[in-house]
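In what follows, a single structure is set out as structure tokens and then discussed.
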Amino acid sequence: MRFAVIADVHGNHLALEVVLADIRAQGINNIVNLGDCFSGPLTAGETADILLALDAVTVRGNHDRYLIEQLPEKMHISDSAAHAELSGHHLEWLHTLPFSTIYMDEVYLCHATPKDDNVYWLEAVAPEGHIYLKPIEEIEALAAGIDLPLILCGHSHIPRAVRLRDGRLIVNPGSVGCPAYDDDLPHCHKVEAGHPFASYAVLEKVEGMWLPTFRQVAYDHQAMAALAARAGRSEWASALATGWLR
Ligand SMILES: [Fe+2]
């Protein structure tokens with residue numbers, strides 16, 4: 001049993017295209033998507049056309065929710081930029097997405113945590129902005145009641161696997177389209193992949209155990225960096241060009 005997991009595409013259709021090609025080149029036909037599909041100053045409309053046609057099992061990210069809950073004039077600029085590129089049927093598709101779901105009877109999917117789409121499951125942020133792996137007790141507490149061997153989450157854009165002490169595995173595949181960003185919740189912090197590649201993961205069940213393979217794929221990231229720069233989004237341009245915020 002093998003499938004691919006993508007997350008945090010953030011409206012980067014060039015990154016999405018190479019990831020989907022990389023998945024297909026491995027003979028993998030099953031894909032799940034952990035949300036934050038469109039928000040950002042890039043190509044939300046083209047990304048939406050690809051994702052709607054892909055018809056993968058998808059859960060809603062916090063930014064997907066903002067796109068259908070908030071008035072465009074009240075949105076953060078990354079959400080309003082995407083909203084301006086999206087058509088009615090793209091937004092209707094966002095309305096259909098569940099907060100969480102169960103895939104193949106044994107994989108739990110959510111964007112961030114089972115109760116909140118804007119909290120990191122695996123990472124904690126110190127008051128001065130340092131981001132680090134949460135203590136196992138806190139990670140396990142968030143998994144209470146999820147009696148499934150594999151749990152998938154996105155949101156932090158940090159590829160990571162954490163095995164709980166009872167054997168359950170939590171995997172974050174990293175971000176397809178946004179390798180670095182800053183945020184002010186719960187404290188001001190930066191997440192930086194340190195490279196510009198598109199990230200995703202393959203999950204395979206081997207002798208009854210789920211194992212992740214993390215993949216990074218090169219694409220024309222400079223084209224997307226140039227697009228962000230033309231939109232006046234220098235931090236996005238830096239992230240896409242280098243994987244760092246400078
Ligand atoms: Fe995200």
Side-chain angles (χ1 to χ4, degrees), residues 4-16 19 31-44 47-48 50-51 56 58-70 75-83 85-86 90 93-94 97-100 109-125 129 131 151-160 170-201 214 216 221 224 228 233 235-240 243-245:
V5 52
I6 64 173
D8 294 287
V9 178
H10 282 286
N12 184 336
H13 87 283
L14 290 184
L16 178 60
V19 163
I31 302 172
V32 302
N33 175 4
L34 305 179
D36 273 12
C37 300
F38 307 135
S39 289
L42 304 175
T43 49
T47 304
I50 296 169
L51 287 179
T58 302
V59 292
R60 187 192 297 168
N62 56 313
H63 284 281
D64 302 321
R65 180 169 58 79
Y66 303 153
L67 288 172
I68 54 176
E69 274 188 4
Q70 299 177 353
M75 289 177 184
H76 181 274
I77 49 172
S78 290
D79 299 317
S80 60
H83 190 272
E85 298 291 319
L86 295 171
H90 299 146
W93 179 77
L94 290 179
L97 300 181
F99 177 89
S100 62
L109 316 182
C110 68
H111 177 67
T113 71
K115 294 207 173 112
D116 193 321
D117 63 15
N118 199 16
V119 169
Y120 299 136
W121 195 326
L122 303 178
E123 293 83 16
V125 182
I131 185 161
I151 295 169
L152 304 177
C153 65
H155 189 51
S156 72
H157 299 201
I158 299 173
R160 198 193 288 280
I170 305 182
V171 174
N172 183 328
S175 171
V176 169
C178 176
Y181 66 90
D182 55 13
D183 198 354
D184 52 9
L185 289 174
H187 309 286
C188 289
H189 64 283
K190 291 179 187 175
V191 172
E192 295 168 307
H195 63 70
F197 310 125
S199 293
Y200 78 98
F214 296 97
Q216 275 76 40
H221 62 98
M224 281 309 194
R233 299 298 303 277
E235 79 286 16
W236 270 84
S238 170
L240 292 160
W244 298 90
L245 294 175

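First listed ligand is number 1; within each ligand, the first listed atom is number 1.
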Item to check | Pair His157 and His10, ring centroids less than 6.0 Å apart | outcome: yes
Next on the checklist: From the N, O or S atoms in Asp8, identify the one nearest to the Fe ion (ligand 1).
Outcome noted: OD1
Checklist entry - What pair of heavy atoms forms the shortest contact from Gly11 to Leu42, and how long is it? => result O-CB, 3.1 Å
Checklist entry - Any N/O/S atom, backbone or side chain, of His10 lying under 2.8 Å from the Fe ion (ligand 1)? => result yes
Next on the checklist: Using a strict threshold of under 4.0 Å (side-chain N to carboxylate O), is an ion pair present between Asp117 and Arg60?
Outcome noted: no
Item to check | the Fe ion (ligand 1): angle it makes with OD2 (Asp36) and NE2 (His157), nearest 10 degrees | outcome: 180°
Checklist entry - With side chains defined as the heavy atoms from C-beta onward, is the minimum distance between Cys153 and Thr113 less than 4.5 Å? => result no
